[in-house]
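Down below is the structure, laid out as structure tokens.
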Amino acid sequence: MGCGGESWGRTPRASRGDSQLKTHHSGPTCSERSGPHRPLPWRAMRWSQAFIPTLRDDPANAEAASHRLLLRAGYVRQLSAGHYSMLPLGQRVRQKIDRIIREEIDGIGGQQFHLPAMHPAELWKRSGRWDVMGEEMFRLVDRRGSDNALGMTHEEVFAQLASEISSYKQLPQLWYQIQTKFRDEPRPKSGVLRVREFTMKDSYSLDLTWEGLDEQFDRHHAAYQRIFSRFGVDAVDVEASSGAMGGSDSVEFMVRSDAGEDWIVTCATCDYRANLERATSQVEGVDDPDAVPEAIRFATPEIRTIAALAEAFPEIAAPDRQIKTLVYMIDGSFTLVMMRGDHALQEQKLQDVTGGIDVRPAQADEIRERLGALPGSLGAVGVTEHPIIADRALKGRRALVTGANEDDWHLANVDVDRDIAVGRWADLREVVEGESCMVDGGLLDLWKGIEVGHIFKLGTKYSEAMAAIVQDENGESKPIIMGSYGIGLERSMAAVVEASHDDKGIVWPWEVTPYHVIITLLRQQDEAVVAAGDQLYEELIAAGYEALLDDRAERPGVKFADAELIGVPYRITIGPRGLESGVAEFTTRSTMETIEIPLDAVVDQLP
RNA sequence: CGGGCUGUGGCGCAGCUUGGUUAGCGCGCUUGACUGGGGGUCAAGAGGUCGGGAGUUCGAAUCUCCCCAGCCCGACCA
């Protein structure tokens, strides 16, 4: 066993309430080895020997607080767009995140694996995702001419391993790994928040029954709450879409931040919370006449928008009396999508209800070819040769206005049930801030969040594709039922910084900080200062703390600013002034409060 | 992929419009001195293929073309 990686495993005391004991390091420490380059214990570092390249100025091109601070405080460096190097401080934080995840996933019965990052195309072809993933998946050809992919996720590999399970007696299982994932993001941004290469903890539950899946899912849900709580962030669990590859009971864990890229809807007065891709709200109804005469055409020259039509014919064509007809190509199928005129389509909902993989708006020429008109004059009345999906807000509506599928003409007196062959009703509209909650009518709030975790029920898609079949107690063959659970490590690190910083720098929560305490020495030439610093440093390390000793020959201002920038929770300042009376200054980073305490009381003052 | 923009020493930038000795500035870095509780002062230094290539020209950081990289907005996005 070496001096590095394994000696750090002291459970920080603040975490789980059970460990108030001061863990003392026993046995010889690494620092007792002789030689000029003796390794230091993992939890000790002298700044003068460390690589912590802090920047005095804010880097250009760094907008998000986490991006700016992680760069400036010397945690990460960009190698290229979407690829970041973890510097020693960043790596320490990442290792702590890694460890917290392992403790909690192990705690619900997880077994850790380590799978290849590169996969043969064959594997992805079996699940059908070789074609589905498109350009988002990195692909490469080896010297034999074989296609390979860099893994975006590992359902296929785990499912293939699961095919070795043949009896229900071997279930349930919970398998996980912490691995590099590759996604060829079209637009990496915000530092480490959206990248092309990142570390993800992905776990997969294997069960015989759906009830078993539910239990493992719930256990993950609770474990995730513990994990994010230990990260020191408030991660809100929200109802979500499971995306292109299906699944159900999808829950995302979101950290509130303007740097986030997801919109979250929460109710002010109840527990309802959902990703905007999924959220619903109460829609105020519109009074319609009991019956309307036959639909009639009327001329609408040059009118192409809902607003223009409403302005030209205010008495019959208010936006909520219009049908907005959108046209999508859903896996190559030309589909009409109907919304109330004043409502917006939420595309992910369309994708979810249709199960479509390649969903895009149809182009003008495709539309004219099939409907005979251009967007602005489109409608579904009389259309029978194309599928029609309608938002439920249109159900039963009468006396509406819609395009006539002839440029410059619209139809009035449209009765949806009578005049339009709706093939499918669905909730397709995007919620707007300030609407009423479906559950209790409360006011809905809309905010931006960072997705740090995502759990959902996969079902049998991959087990069927990879022939992960077991026999149950009756000898019947059953595909293993899977769940999938992910956490982004670097993104979690960035989310912590987003949630915990001030104008001076980062403010690390206790469990993920790279060091627990920094000793700032003022006046290195003063032998008493150096001696007192060294002694305290040794004491802290012996007591199980991770300590950084700032022994650089820098001005006090530089050292203070750097300590605050890198965000270590506690700073002990030792200078000749206090030393005369045997005291040091004890500064709490989060509050920036400073107290004077005797040097020998420092260890007791720490959590 | 569409729109906007940027590449000049480790970081942040000026110079480019109007081509002309040796390419500047602040910070950082090295050495020394003075200093010493919130990014100090002075002195002496080191460090640059001006993103790359081709071209125009007597002469290109500067003008032209092509390429590359990066940033922002949008599209996209398990």
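Protein chains get the first letters and strands the later ones, always in sequence-line order, with residue 1 at the start of each. Because the structure is predicted, anything quoted here is derived from the model rather than measured.
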Euclidean distance, atom CZ of residue F560(A) to atom P of rG36(B) [Å, nearest integer]: 15 Å
Sugar-phosphate only, base, or nothing, as touched by R552(A) at under 4.0 Å among non-hydrogen atoms: nothing
Sugar-phosphate, base or nothing in reach of A561(A), heavy atoms under 4.0 Å: base
Spacing of the C1' atoms in rC1(B) and rU8(B) (rounded, Å): 31 Å
Base rG40(B) to side chain R555(A), donor-acceptor N/O within 3.5 Å cut-off: yes
rU57(B) pairs with, by Watson-Crick or G-U criteria that keep both distances under 3.5 Å: none
Touch class at under 4.0 angstrom, heavy-atom based, for G486(A) against every strand present: nothing
Touch class at under 4.0 angstrom, heavy-atom based, for E135(A) against every strand present: nothing
Between Q216(A) and S205(A): side-chain donor-acceptor atoms closer than 3.5 Å: no
Minimum side-chain heavy-atom gap L276(A)-Q346(A) below 4.5 Å: yes
Separation of the P atoms in rG53(B) and rA14(B), to the nearest angstrom: 24 Å
Cation-pi check, R491(A) onto F198(A) ring (under 6.0 Å, within 45° of axis): no
A60(A) side-chain proximity, nearest of rG36(B), rG12(B), rC72(B): rG12(B)
Candidate nucleotides rG36(B), rG38(B), rC29(B), ranked by approach to the side chain of Q525(A) - the nearest: rG36(B)
Partner of R278(A) under salt bridge (Lys or Arg N to Asp or Glu O under 4.0 Å), chosen from E430(A), E252(A), E239(A): E239(A)
Integer-rounded Å distance: rA75(B) P and E185(A) CD: 14 Å
N-O pairing of E366(A) and R360(A) below 4.0 Å: yes
Whole-Å P distance, rG26(B) and rU64(B): 31 Å
Selected nucleotide, minimal atom distance to K189(A) side chain, candidates rC72(B), rG37(B), rG12(B): rC72(B)
R194(A) (side chain) and rC76(B) (base): donor-acceptor pair under 3.5 Å: yes
Opposite nucleotide pairing with rC1(B), Watson-Crick or G-U, both atom distances under 3.5 Å: rG74(B)
Watson-Crick/G-U partner (both atom distances under 3.5 Å) of rC25(B): rG12(B)
Spacing of L565(A) atom CG relative to rG28(B) atom C1', expressed in whole Å: 15 Å
Distance-only donor-acceptor test, E554(A) side-chain atoms vs rG36(B) base atoms, 3.5 Å: no
Euclidean distance for P, rC5(B) against rG59(B) (whole angstrom): 32 Å
Stacked cation flag R139(A) on W124(A), 6.0 angstrom / 45 deg: no
Touch class at under 4.0 angstrom, heavy-atom based, for E155(A) against every strand present: base
Atom P, compared across rU57(B) and rG19(B): separation rounded to whole Å: 16 Å
Nearest to side-chain heavy atoms of E136(A), which nucleotide of rC77(B), rC76(B), rU35(B): rC77(B)
Out of rG26(B), rC71(B), rC76(B), whichever nucleotide has its closest atom nearest the side chain of D57(A): rG26(B)
Spacing of the C1' atoms in rG12(B) and rU6(B) (rounded, Å): 14 Å
Check: Y176(A) ring centre within less than 6.0 Å of F113(A) ring centre: no
Inter-nucleotide P distance (rC13(B), rA23(B)), Å rounded: 23 Å
Integer angstrom distance from the C1' of rG52(B) to that of rC58(B): 25 Å
Presence of Q524(A) side-chain N/O under 4.0 Å of rG36(B) phosphate oxygens OP1/OP2: no
Sugar-phosphate, base or nothing in reach of E252(A), heavy atoms under 4.0 Å: nothing
Watson-Crick or G-U wobble mate for rU41(B), both contacts under 3.5 Å: rA33(B)
Touch class at under 4.0 angstrom, heavy-atom based, for S484(A) against every strand present: nothing
Closest-nucleotide 5' rank along RNA chain B - winner of P59(A) and Q78(A): P59(A)
Nucleotide nearest R187(A) (side chain, heavy atoms from C-beta), chosen from rC73(B), rU35(B), rG37(B): rC73(B)
